[in-house]
Amino acid sequence: DDVEEYIMGIIGQGVAANNNDGNWMGSLTNLSGGKGYWVKASEDISFSFELNTLQRISSNENTKETLEGYEYLQSTVQAFYFIESVENIEVGDWLLSFNGDELIGSRQWQGYITDLPAMGDDGTELTSGYMTPGDIPTFKIWDSSENIYYDAYPSEETPNWSHLQFFLIDALNSYTPGCMDEDACTYNVFATEDDGSCDPSEDSCLGCMDEDDCNFNANATIDNGSCYDAEENYDCAGNCIAELDCAGLCGGTADYDECV
């Protein structure tokens with residue numbers, strides 16, 4: 001306790017804790033014997049620790065470690081972006097960090113400040129494409145109820161990535177750009193902000209939506225009333241699917257006596 005005020009934060013393997021005026025926040029909930037840690041201090045200190053739980057105002061100890069289908073590799077170089085609040089997110093959703101298209105970290109949201117890891121390129125093939133000094137990560141929100149993710153934008157300029165650093169972001173604002181006109185073919189049901197992409201002249205989504213009709217269009221999202229059935233006794237290609245009578249009529253009723 002006599003050196004705690006000088007400790008700014010502690011980083012473990014994929015986890016971190018930040019000291020905010022004596023209140024510890026982050027996913028690192030305790031120090032374990034046999035594991036290594038990086039300690040960020042405001043001045044030179046010397047200390048030892050007992051294996052007890054850190055005191056904190058929030059932690060992510062009850063979250064899943066990774067989002068299924070969005071796994072990433074632990075690197076020997078890493079940084080953490082502490083996200084204080086997030087717009088349009090529910091407890092159980094996920095925060096994801098990316099370097100371009102490369103996933104570099106994830107953390108499940110529990111409703112309070114969250115330490116989102118951002119893994120760096122440590123020179124091995126396995127971490128190729130991860131962060132390098134000066135890179136700027138981007139963020140997404142995974143909506144667990146809809147199984148989609150949204151782009152998320154920091155409330156201020158995102159700090160450049162640097163190994164073993166803590167960065168605080170006040171808020172992430174999320175929106176999904178797209179067409180919000182329900183009558184337009186380019187309508188995006190998940191859009192939260194209209195991006196001007198609605199095209200009233202576009203007719204690729206118009207068509208017959210009845211699977212039992214001849215001109216069913218699997219790509220149609222708006223039924224334009226064009227559906228039609230095949231003629232009786234014929235398939236949609238005009239082929240006879242009934243018996244020919246003796247007069248050669250498809251599905252006819254003439255008997256032999258009427259034909260001779």
Side-chain angles (χ1 to χ4, degrees), residues 3 5-21 24-29 31-32 35-47 54 56 58-60 63 65-67 69-87 89 94-109 113-142 149-174:
V3 298
E5 62 180 297
Y6 304 113
I7 299 177
M8 303 164 60
I10 305 173
I11 294 177
Q13 182 173 301
V15 292
N18 183 39
N19 185 359
N20 184 12
D21 294 328
W24 289 91
M25 297 171 289
S27 58
L28 179 59
T29 59
L31 302 180
S32 301
K35 292 187 176 181
Y37 300 94
W38 292 272
V39 176
K40 292 179 63 65
S42 57
E43 59 181 68
D44 292 339
I45 57 174
S46 176
F47 73 99
L54 297 173
R56 62 215 305 105
S58 63
S59 74
N60 301 89
T63 68
E65 290 187 1
T66 59
L67 173 61
Y70 288 84
E71 292 82 10
Y72 60 95
L73 296 174
Q74 174 68 45
S75 173
T76 58
V77 295
Q78 58 188 337
F80 291 85
Y81 289 80
F82 281 76
I83 314 298
E84 198 162 347
S85 64
V86 184
E87 180 187 50
I89 195 171
W94 288 77
L95 298 175
L96 308 173
S97 58
F98 287 83
N99 185 28
D101 294 329
E102 191 75 37
L103 178 67
I104 55 172
S106 66
R107 191 75 83 211
Q108 193 172 36
W109 178 254
I113 191 167
T114 296
D115 59 325
L116 178 58
M119 296 296 152
D121 187 338
D122 60 13
T124 64
E125 183 177 350
L126 293 176
T127 59
S128 177
Y130 284 12
M131 303 295 284
T132 57
D135 287 345
I136 297 176
T138 56
F139 307 106
K140 296 182 185 294
I141 296 169
W142 175 262
Y149 60 71
Y150 308 98
D151 291 329
Y153 302 90
S155 54
E156 65 272 3
E157 185 175 351
T158 306
N160 292 19
W161 184 92
S162 183
H163 180 38
L164 296 182
Q165 294 299 312
F166 296 102
F167 304 105
L168 180 63
I169 293 178
D170 289 337
L172 286 180
N173 304 309
S174 67

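Just so it is clear, the values below take in all heavy atoms, side chains as well, and ignore hydrogens, waters and symmetry mates.
Between Pro117 and Ser97 the shortest heavy-atom distance is O-OG, 2.8 Å. Phe166 and Ala17 get closest at one heavy-atom pair: CZ-O, 3.7 Å. Contact detail for Met25 and Phe82: the closest heavy-atom pair is O-CE2, 3.4 Å. Smallest separation of non-hydrogen atoms from Ile7 and Asn19: O-ND2, 2.9 Å. The shortest heavy-atom contact between Ala41 and Ile45 is CB-CD1, 4.1 Å. Shortest non-hydrogen contact noted between Ala118 and Tyr81 is CB-CE1, 3.9 Å.
Side-chain contact between Trp24 and Ile10 is present, with at least one heavy-atom pair separated by less than 4.5 Å. In this structure the side chain of Glu84 reaches within 4.5 angstrom of the side chain of Leu168, judged on heavy atoms. Using a 4.5 Å heavy-atom cutoff, the side chains of Ile141 and Leu96 are not in contact. Counting heavy atoms from C-beta on, the side chains of Glu156 and Asp170 come closer than 4.5 Å. Between Pro137 and Thr158, the closest side-chain pair of non-hydrogen atoms falls below 4.5 Å. Side-chain contact between Tyr70 and Trp94 is absent, with no heavy atoms from C-beta onward closer than 4.5 Å.
Atom CD of Glu157 has 12 or fewer neighbouring heavy atoms from other residues, nucleotides or ligands inside a 6.0 Å radius. More than 12 non-hydrogen atoms from other residues, nucleotides or ligands lie less than 6.0 angstrom from CD of Glu43.
Partners of Asn173 by side-chain hydrogen bond (donor to acceptor under 3.5 Å, both in side chains), not counting sequence neighbours: none found. Residues passing the side-chain hydrogen bond (donor to acceptor under 3.5 Å, both in side chains) test with Gln13: none are found, sequence neighbours excluded.
Screening Asp115, Thr66, Thr114 for a side-chain hydrogen bond (donor to acceptor under 3.5 Å, both in side chains) with Arg107, the sole residue that qualifies is Asp115.
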Practice task
Just do the side-chain hydrogen bond (donor to acceptor under 3.5 Å, both in side chains) check on Thr127 and Asp122 with the steps written out, would you?
Solution key: CA-CA 6 Å; Thr127 59; Asp122 60 13; 2.6 Å; yes

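The aromatic rings of His163 and Trp161 sit parallel, their planes meeting at an angle under 30°, below the 60° perpendicular limit.
Atom-to-atom distance recorded for Thr138:OG1 and Tyr153:OH is 9.0 Å, nearest 0.5 angstrom. Once rounded to the nearest 0.5 Å, the distance linking CE of Met131 with CD1 of Ile104 reads 4.5 Å. Note that OG of Ser155 and CD1 of Ile83 are 9.0 Å apart. Values are rounded to the nearest 0.5 Å.
Counting only distance, with no hydrogens or angles, the side chain of Glu87 and the backbone of Ala171 share no donor-acceptor pair below 3.5 Å.
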